[in-house]
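Inspection log for the structure reproduced underneath, given as structure tokens.
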Amino acid sequence: MTKVKAGIPQGTRDFSAEVVKKRDYIVNTIKTVFELYGFQPLETPAMENLETLMGKYGEEGDRLIFKILNNGLDNPAKHQQVKEDFEKVLEGKSVKSITERALRYDLTIPFARYVSMNHGQLTFPFKRYQVQPVWRADRPQKGRYREFFQCDVDIVGSYSLLNEVELSNIYATVFKKLGLAVEIKINSRKLLQALAEICGGAEKMMDITIAIDKLDKIGIEKVKEELEQKNLTKDQIAIIEKYLSISGTSNEKLEDIKSLFGNNDNGKKGIEEIEFVLNYQDGNQNELPLSIDLTLARGLNYYTGIILEVKSTEVQMGSIGGGGRYDDLTGLFGVPNIPGVGISFGLDRIYDVIEELNKFPEEVGTGTQVLFFNLGDVECKKAFGLMQQLRDNNIRCEIYHEQAKFDKQFKYAEKKKIGFVVIIGSEELKSGNCSIKNLLTGEQQTISSSSILKYNFHQ
RNA sequence: GUGAUUGUAGCUCAGUUGGUUAGAGCACCAGAUUGUGGUUCUGGGGGUCGUGGGUUCGAGCCCCAUCAGUCACCCCA
């Protein structure tokens with residue numbers, strides 16, 4: 001075998017023990033809340049049939065799907081066909097004979113596929129959560145990885161806006177538990193539709209949303225320039241400018257938008273949706289960091305109603321969560337009339353935010369609690385017996401792997417952040433005692449070995 | 001896909017207009033200290049300067065190519 005330089009693919013990462021524990025802390029927090037709200041887990045394969053994924057995420061999304069090369073392309077019998085098909089790949093098409101599988105790009109489409117396959121057996125409304133990695137062939141940068149985890153909750157089989165209310169509450173609850181200050185932005189695709197209908201027709205919706213989505217980045221003048229380039233008239237741009245200038249509290253925004261869109265059906269519906277979700281909170285509305293953002297568009301083109309996005313208010317970072325209503329996702333798989341709504345948490349970005357703010361709880365990431373020193377064969381055997389007793393009592397212990405100088409064993413404990421060492425040397429052996437040292441305080445006491453179970457090893 | 005930027009010891013980084021044998025801190029190993037770590041002192045090991053080519057009497061430094069990381073755009077979690 002030739003030696004290769006050790007390395008991992010661009011945008012992927014190894015996770016050390018400490019990192020895994022911190023990630024687990026986030027995931028457990030999220031899963032606990034999901035279950036509190038009545039959701040049950042689902043897991044799907046890392047790969048899907050390519051045709052399941054293609055065309056669901058827009059043109060840009062298709063490009064970012066990791067495709068898997070078929071096996072057996074070297075079969076001589078297939079050479080001619082493979083060569084012909086590969087020409088099509090060079091033209092940018094995907095061909096089943098070259099790639100028929102791909103890594104999943106998100107958790108929503110695989111979920112829709114699952115519901116489509118199993119709708120006969122499921123109890124509706126079907127509520128599931130899913131925490132698994134997804135892959136995107138994007139260029140990595142801050143907060144962007146090629147392999148990252150999403151934590152999704154979705155409800156399918158219900159048009160009720162109560163679901164949107166529940167999901168906003170899930171967002172608020174999780175981030176509160178994690179100690180993060182966030183802004184949950186809410187909008188409705190129907191308002192964007194209404195805006196398009198009023199300004200040049202429904203087919204302009206993409207152009208308009210892409211432009212207004214950039215408002216806080218490039219400013220109103222540049223947005224207007226971009227709209228001009230898309231052949232919108234001055235009057236139409238004036239309406240959009242009016243739309244973008246709407247500000248104030250959520251209630252004030254609603255009033256303004258009503259006077260602007262009051263006569264448009266989609267506009268009316270969009271306003272109703274947002275109003276419902278905001279007002280349902282009633283008494284605790286003030287506690288929810290929920291606010292209307294009329295420029296919120298969301299890239300995925302399957303959304304039809306309420307859309308949500310979460311941003312940290314403390315750290316500069318892309319969105320750490322997003323979601324919305326999609327009224328006919330399973331229709332793509334031949335099963336019509338199953339509406340759905342769901343949200344997603346970006347685990348890796350949430351991690352980065354907590355890490356940057358230093359907000360991981362102290363106790364997350366603690367490993368071994370007690371190290372038993374190894375000071376000789378007989379001593380070790382005695383220590384080993386005591387250690388097993390502690391383990392039976394759920395104290396996490398280890399014993400130094402070989403006889404060594406005190407110095408070495410202390411340093412090992414220190415590096416691994418082990419809080420206590422138990423010393424059993426010739427003296428302790430003789431007297432039937434053991435010495436326990438708290439490495440944090442430096443205190444040490446000698447007790448009889450038989451009473452070790454009574455010792456408090458918690459810091 | 002487009003653009004910018006960085007690659008020197010295990011880690012973080014110095015390294016002058018190109019000039020002898022490439023340095024520091026931390027980490028590591030050994031000793032001061034044969035039953036007490038975190039502080040201190042002494043000594044030691046460790047580098048194809050990302051890789052390949054070029055210019056030059058001479059390249060860590062200049063030029064070209066290439067690979068890798070980071071950041072931004074697009075888009076997104």
Side-chain angles (χ1 to χ4, degrees), chain A residues 4-13 26 30 57-65 92 104-108 131-152 171 182 206 209-210 213-214 217-218 296-301 307-312 316-324 342-353 371 373-376 379 400 403-430 433-446:
Chain A
V4 293
K5 200 180 165 196
I8 55 175
Q10 189 183 38
T12 65
R13 298 150 299 158
I26 300 171
I30 292 173
Y57 309 106
E59 210 175 301
E60 182 72 12
D62 281 356
R63 275 198 350 184
L64 299 180
I65 293 171
R104 64 166 168 255
Y105 178 91
D106 72 355
L107 301 178
T108 307
V131 177
Q132 288 192 281
V134 303
W135 293 268
R136 294 183 190 178
D138 218 340
R139 270 266 194 115
Q141 59 181 276
K142 188 181 181 188
R144 171 175 297 176
Y145 308 97
R146 287 186 149 181
E147 178 184 62
F148 62 97
F149 269 70
Q150 288 190 328
C151 316
D152 275 33
Y171 263 148
V182 296
M206 278 306 271
T209 53
I210 287 171
D213 192 40
K214 296 178 185 166
K217 229 176 227 169
I218 63 177
L296 180 64
R298 308 269 319 142
L300 300 173
N301 47 22
I307 44 180
L308 296 163
E309 192 164 291
V310 185
K311 287 207 77 172
S312 164
Q316 186 63 38
M317 172 86 66
S319 61
I320 55 179
I343 56 172
S344 177
F345 291 79
L347 168 64
D348 303 79
R349 285 188 177 173
I350 293 171
Y351 179 98
D352 289 347
V353 169
L371 176 72
F373 272 23
N374 185 335
L375 299 167
E379 292 88 342
Y400 198 77
Q403 187 179 347
K405 295 205 290 188
F406 270 60
D407 182 73
K408 263 204 141 142
Q409 306 197 40
F410 266 120
K411 280 186 173 155
Y412 176 82
E414 200 192 337
K415 271 190 214 154
K416 288 191 69 174
K417 295 187 177 140
I418 298 172
F420 294 89
V421 298
V422 175
I423 301 168
I424 295 171
S426 50
E427 286 173 22
E428 286 84 356
L429 209 56
K430 238 181 279 164
N433 291 331
C434 61
S435 296
I436 301 172
K437 182 163 185 173
N438 180 329
L439 291 194
L440 209 66
T441 62
E443 286 166 37
Q444 179 170 329
Q445 51 178 298
T446 302

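Each chain gets a letter, A, B and so on, in the order the sequences are listed, and its residues count up from 1.
The A:F410 side chain lies nearest to B:U36 when the options are B:A77, B:U36, B:C74. The listed nucleotides are B:A72, B:C76, B:A30; the one nearest the side chain of A:K408 is B:A30.
Of the P atoms belonging to B:G19 and B:G23, the separation is 14 Å, rounded to the nearest Å. A gap of 12 Å separates the C1' atoms of B:G7 and B:G60, to the nearest Å. Comparing the same atom, P, in B:C26 and in B:G43 gives a spacing of 14 Å after rounding to whole Å. Straight-line distance between the C1' atoms of B:G69 and B:G15: roughly 22 Å, to the nearest whole Å. Distance check on atom C1': B:U55 versus B:G25 gives 36 Å, rounded to whole Å. A gap of 50 Å separates the C1' atoms of B:A77 and B:U36, to the nearest Å. Remark: the separation of the P atoms in B:A24 and B:A9 is 14 Å, to the nearest Å. Rounded to the nearest Å, the gap between the C1' atom of B:C64 and that of B:G45 is 38 Å.
One can place CD of A:E59 at 16 Å from P of B:G1, the figure rounded to the nearest angstrom. The distance from atom NZ of A:K415 to atom P of B:C11 is 16 Å, rounded to the nearest whole Å. Atom CZ in A:F420 sits roughly 19 Å away from atom P in B:G37 (whole-Å rounding). B:C76 atom C1' lies 15 Å from atom CG of A:D352, rounded to whole Å. A:D106 places its CG atom 10 Å from the C1' atom of B:A77, with the value rounded to the nearest Å. In this structure, CZ of A:R146 is placed 16 Å from C1' of B:A77, rounded to the nearest angstrom. Across the protein-nucleic acid pair, A:Y412 atom OH and B:G38 atom C1' stand 18 Å apart, rounded to whole Å. One interatomic measurement links the two molecules: CD of A:E147 to P of B:C76, which rounds to 21 Å at whole-angstrom precision.
No contact: A:F373 has no heavy atom under 4.0 Å from any strand. Residue A:D407 is classed as a sugar-phosphate contact, given heavy-atom separations below 4.0 Å to backbone atoms only. No engagement by A:L107 is indicated, since no non-hydrogen atom pair under 4.0 Å with the nucleic acid exists. A:I320 comes within contact range of the sugar-phosphate backbone alone, with a heavy-atom separation under 4.0 Å but no base atom that close. Within 4.0 Å (heavy atoms only), A:G442 reaches at least one base atom of the nucleic acid. A:G58 comes within 4.0 angstrom of no nucleic acid atom, judged by non-hydrogen atoms across all strands.
Between the side chain of A:D348 and the backbone N or O of A:R144 there is no donor-acceptor pair closer than 3.5 Å.
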Exercise for review: Apply ring pair (Phe, Tyr, Trp, His ring centres under 6.0 Å) to A:Y171 and A:F345, showing your working.
Suggested key: CA-CA 8 Å; A:Y171 263 148; A:F345 291 79; 4.9 Å; yes
Check your understanding: Hey, mind stepping through A:E428 and A:S435 against side chain to side chain donor-acceptor pair (under 3.5 Å) and telling me if it holds?
Key -> CA-CA 7 Å; A:E428 286 84 356; A:S435 296; 2.7 Å; yes
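Each of A:D138 and A:K411 has a nearest nucleotide on RNA chain B; the 5'-most of these lies closest to A:K411. For A:S319 and A:R139, each mapped to the nucleotide of RNA chain B holding its nearest heavy atom, the one lying further toward the 5' end belongs to A:R139.
Residue ring and nucleobase are stacked for A:F148 and B:A77, with a centre distance beneath 5.5 angstrom and an angle between planes beneath 30°.
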Point to revise | Secondary structure of RNA chain B in dot-bracket form (Watson-Crick or G-U wobble, distances below 3.5 Å, | marking inter-strand pairs) | key: (((((((..((((.....[...)))).(((((.......))))).....(((((..]....))))))))))))....
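OP1 or OP2 of B:A72 lies within a sub-4.0 Å distance of a side-chain N or O belonging to A:Q141.
Using the six-membered ring where Trp is involved, A:Y57 and A:Y105 have ring planes that are tilted, between 30° and 60° apart.
Of all non-hydrogen atoms in A:V421 and A:A413, the two that sit nearest each other are CG1-CB, 3.8 Å.
Checked for salt-bridge contact, A:E414 and A:K411 miss the test: no charged N lies under 4.0 Å from a carboxylate O.
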Would you tabulate the nitrogen or oxygen pairs shorter than 3.5 Å linking the protein to nucleotides 33-35 of chain B?
{"from": "B:G35", "atom 1": "O6", "to": "A:S426", "atom 2": "N", "distance (Å)": "3.0"}
{"from": "B:G35", "atom 1": "O6", "to": "A:S426", "atom 2": "OG", "distance (Å)": "3.4"}
{"from": "B:G35", "atom 1": "O6", "to": "A:E427", "atom 2": "N", "distance (Å)": "2.6"}
{"from": "B:G35", "atom 1": "O6", "to": "A:E428", "atom 2": "OE1", "distance (Å)": "3.2"}
{"from": "B:G35", "atom 1": "N1", "to": "A:E428", "atom 2": "OE1", "distance (Å)": "2.7"}
{"from": "B:G35", "atom 1": "N1", "to": "A:E428", "atom 2": "OE2", "distance (Å)": "3.2"}
{"from": "B:G35", "atom 1": "N2", "to": "A:E428", "atom 2": "OE2", "distance (Å)": "2.6"}

